[in-house]
Protein chains: 2
Amino acid sequence: MNRRRDEPASSERSTRQKRLIRSVFEASERPLSPEDVRSAAARGGEGVSLSTVYRAIRTLVEDGWLAVVELPGSGARYEVAGKAHHHHFVCEACRRVYELEGCLAVDALKLPRGFRATSHDIVISGECASCRRARTRR
Amino acid sequence: MNRRRDEPASSERSTRQKRLIRSVFEASERPLSPEDVRSAAARGGEGVSLSTVYRAIRTLVEDGWLAVVELPGSGARYEVAGKAHHHHFVCEACRRVYELEGCLAVDALKLPRGFRATSHDIVISGECASCRRARTRR
DNA sequence: CTGCGTGCAAATGCTTTGCAAAGAC
DNA sequence: GTCTTTGCAAAGCATTTGCACGCAG
């Protein structure tokens, strides 16, 4: 039904940079910012320029290969698309982003007459287990 | 229990600009961006500089008089705090922000062990009634 | 070869900050 | 008069874009 999600649009050229950027996302279990991607890519020897990361991300989002994750109080982050519908948890202490399972019945929120929803974003903020543990001694 | 929410902290001076900025928020029924505030304020003859708006907003948020509204894909907006708990709807066509009544039982989203939630943001995106009407002819 | 993709630097757009002048008390 | 607040311009950031060169096909 949808285009395959494991490769970019056909008209694009395969370059070292693009392959590297995609592998960084595939290896990550949490949403990444463009800078996260650049530094992660840099760790592997050959790097990528930030502008290339931005351009690649834009294309990958348009291709549907990446999903945008908007978080309150910080720039957008991205994660490989196609995962089961889920939402995120942001730890206010360490700023790490966790993926949560499942989704509320958002349909329960009644919209005004004539309004039609196409998507929703839910972000829970709080304190993650490791920060809590660290704070409450040990 | 909480500080009064109808006036700023006591140590601050009352200036024409601050009074104007607060009145703009009180007169608005939807969240405003700093630029929204500046232009709304400007309509009333005497204006305010953007930097003053930014400074006032920051103070008002710290005082708890304003609440921050984070929207996917655009800068933060602000609304007077103290309203009943609610969420927002962003029309993807006209970009207007509407307030929705009620709230889902967010507690239904199970957090991992040890995680503690302190707040949540829910934003529904879609098409509002007036844009839909305009699009479907008439 | 032909042309898309990349890196760098410059340009943006939004928000913050330094500083001298204006205003509140 | 003293100390806060304002406005403007400059500084910061994050993101985008123009361009010349390099690499994929």
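Each chain gets a letter, A, B and so on, in the order its sequence line appears, and its residues count up from 1. This one's a predicted model, so the numbers in the text were calculated from it and none came from an experiment.
Atom pair B:Arg58:CZ and C:dC14:P shows a separation of 19 Å (rounding to whole Å applied). Between the C1' atom of C:dA24 and the CG atom of B:Leu20 lies a distance of 17 Å, rounded to the nearest Å. Put simply, CD1 on B:Ile57 is 13 Å from P on D:dT6, counting in whole angstrom units. What separates NZ of B:Lys18 from C1' of D:dG7 is a distance of 15 Å, to the nearest Å. If you take CZ of B:Arg77 and C1' of C:dC14, they are 13 Å apart, rounded to a whole angstrom. Straight-line distance from the CZ atom of A:Arg38 to the C1' atom of D:dT16: 17 Å, rounded to whole Å.
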Subject >> Chi angles and distances behind the side-chain contact (heavy atoms from CB on, under 4.5 Å) call for B:Ile122, A:Asp121 >> reply: CA-CA 6 Å; B:Ile122 299 183; A:Asp121 287 279; over 6 Å; no
**OP:** Apply side-chain contact (heavy atoms from CB on, under 4.5 Å) to the pair B:Glu79 and B:His88, showing each step before the final yes or no.
**Re:** CA-CA 12 Å; B:Glu79 64 184 5; B:His88 300 89; 3.2 Å; yes
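Contact annotation: B:Gln17 reaches the phosphate of D:dG7 (side-chain N/O to OP1 or OP2, under 4.0 Å).
Taking the six-membered ring for Trp and the full ring otherwise, the centers of A:His87 and B:His120 sit at least 6.0 Å from each other.
What you find for B:Ser28 and B:Leu32 is that their closest heavy atoms are OG-CD2, 3.5 Å. The nearest pair of heavy atoms linking B:Arg116 to A:Phe89 is O-CZ, 3.7 Å.
A 4.5 Å side-chain heavy-atom check between A:Arg135 and A:Glu127 finds at least one atom pair inside the cut-off. Looking at A:Leu100 and B:Pro112, their side chains come closer than 4.5 Å, going by heavy atoms from C-beta outward.
A:Tyr78 meets the ring-ring contact (aromatic ring centres under 6.0 Å, His included) test with no other residue; sequence neighbours excluded.
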Subject >> Summary of protein contacts for nucleotides 20-25 of chain D, nucleotide by nucleotide, where a base hit scores B, a sugar-phosphate-only hit scores S (4.0 Å, heavy atoms) >> reply: ----BS
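Remark: A:Ser51, A:Tyr54, A:Arg55 in residues 40-55 of chain A come within less than 4.0 Å of DNA chain D through at least one heavy atom.
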